[in-house]
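Notes for the one structure printed next.
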Amino acid sequence: QAQFVESGGDLVQPGGSLTLSCAGAGSSVSAEIMTWHRQAPGKAREWIATLFPGGATFYADSVKGRFAVSRDEGKNTMYLQLNDLTTEDTATYYCKQHEATTWGQGTQVTVLS
């Protein structure tokens, strides 16, 4: 299974921004469809963004216009830019290849109330 390591989570004020990273640990972030997901406390994990190898991106309605996914092939890292954060965005954020069935440890984003 492909391996990726999420990082960049933090405590942030409402309206703030963060950049999350998803680093490939022996696996490429460019060769396959990559996705971001999140799981809020007491809720099911939800898909929030997809990045295709060709660069196309798709977003869940809940984050469209506020979040942006990108990648740096040289660093083998995918990013998720989070803007205009609200308490509803508090969650653990995960990245993986689209067809992967295992999850990494994720990175925690907490928007202070």
Side-chain angles (χ1 to χ4, degrees):
Q1 283 276 1
Q3 298 293 323
F4 300 92
V5 179
E6 305 94 340
S7 64
D10 205 346
L11 300 173
V12 62
Q13 295 287 343
S17 298
L18 279 176
T19 301
L20 307 183
S21 299
C22 169
S27 300
S28 171
V29 301
S30 306
E32 304 291 340
I33 299 170
M34 295 293 298
T35 57
W36 282 98
H37 306 254
R38 68 183 181 184
Q39 186 167 21
K43 296 186 178 180
R45 188 149 29 200
E46 64 170 337
W47 165 81
I48 55 173
T50 297
L51 174 62
F52 282 78
T57 56
F58 293 90
Y59 300 94
D61 287 344
S62 59
V63 305
K64 194 176 298 182
R66 299 188 300 121
F67 291 9
V69 62
S70 62
R71 65 173 172 244
D72 184 329
E73 294 187 18
K75 295 181 178 180
N76 195 29
T77 300
M78 179 175 66
Y79 302 98
L80 184 67
Q81 176 68 37
L82 289 64
N83 298 315
D84 194 22
L85 286 162
T86 75
T87 55
E88 296 296 308
D89 297 314
T90 293
T92 302
Y93 286 71
Y94 303 87
C95 67
K96 70 179 186 73
Q97 289 183 345
H98 173 60
E99 295 186 351
T101 56
T102 58
W103 299 88
Q105 293 194 347
T107 188
Q108 177 67 38
V109 173
T110 302
V111 184
L112 300 171
S113 57

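Only heavy atoms go into these numbers, but all of them, side chains included; no hydrogens, no water, no symmetry mates.
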When clusters are formed by joining ILVMFWY residues with side-chain heavy atoms under 4.5 Å apart, either directly or through shared neighbours, do Val12 and Leu20 land in the same one? yes
In one Ile/Leu/Val/Met/Phe/Trp/Tyr side-chain cluster, 4.5 Å: Val29, Val69: yes
So Leu85 and Ser17, do their side chains get closer than 4.5 Å, heavy atoms only? no
Sidechain-backbone polar pair: Ser28 side chain, Ser30 backbone, donor-acceptor under 3.5 Å: yes
Using a 3.5 Å distance criterion without hydrogens, assess whether the side chain of Thr87 forms a donor-acceptor pair with backbone atoms of Val111. no
Under 3.5 Å, side chain of Trp103 to main-chain N/O of Gln105, donor-acceptor pair present? no
Quick one: does Arg71's side chain have a donor or acceptor within less than 3.5 Å of a partner on Cys22's backbone? no
If you look at every heavy atom in Glu46 and Ser62, which pair is closest and at what distance? OE1-OG, 4.2 Å
Taking the side chain as C-beta and beyond, is there a heavy-atom pair between Leu112 and Leu11 under 4.5 Å? yes
Taking the side chain as everything from C-beta on, heavy atoms only, tell me whether Phe67 gets closer than 4.5 Å to Arg38. yes
Can you measure from OG1 (Thr107) to CG (Asp10) and round to the nearest 0.5 angstrom? 8.5 Å
Look at the side chain of Ser27 and the backbone N and O of Gln3, then say whether any donor-acceptor pair between them is shorter than 3.5 Å. yes
Kindly say whether Lys96 contributes a backbone atom to a donor-acceptor pair with the side chain of Thr35 at under 3.5 angstrom? yes
In this structure, CG of Leu80 is separated from CG of Leu51 (nearest 0.5 Å) by 10.5 Å
Between Glu6 and Cys95 (side chain of the first, backbone of the second, donor and acceptor by atom type, cut-off under 3.5 Å), is there such a pair? yes
Which heavy-atom pair separates Thr110 from Gln108 by the least distance, and what is that distance? OG1-NE2, 3.3 Å
Answer yes or no: is there a donor N or O on one side and an acceptor on the other, between the side chain of Lys43 and the main chain of Arg45, under 3.5 Å? no
Under 4.5 Å between side-chain heavy atoms, counting indirect links through other Ile/Leu/Val/Met/Phe/Trp/Tyr residues: same cluster for Met78 and Tyr59 or not? yes
When the ring centroid of Phe4 is compared with that of Tyr94, is the distance short of 6.0 Å? no
Is atom CD of Gln81 surrounded by more than 12 heavy atoms (other residues, nucleotides or ligands) closer than 6.0 Å? yes
Does Trp36 form a side chain to side chain contact (heavy atoms under 4.5 Å, CB included) with Val63? I'd like the steps, not just the answer. CA-CA 11 Å; Trp36 282 98; Val63 305; over 6 Å; no
For Ala56 and Phe58, which heavy atoms make the closest approach, and how far apart are they? CB-CE1, 4.3 Å
Please name the pair of heavy atoms, one in Thr77 and one in Ser21, separated by the smallest distance, quoted to 0.1 Å. CG2-CB, 4.0 Å
Within the 4.5 Å heavy-atom criterion, are Asp89 and Arg66 side-chain neighbours or not? yes
With clusters defined by side-chain heavy atoms of hydrophobic residues (ILVMFWY) lying less than 4.5 Å apart, directly or transitively, does Tyr93 cluster with Trp47? no
Point-to-point distance, once rounded to the nearest 0.5 Å, from CD1 of Ile48 to CD of Gln39: 12.0 Å
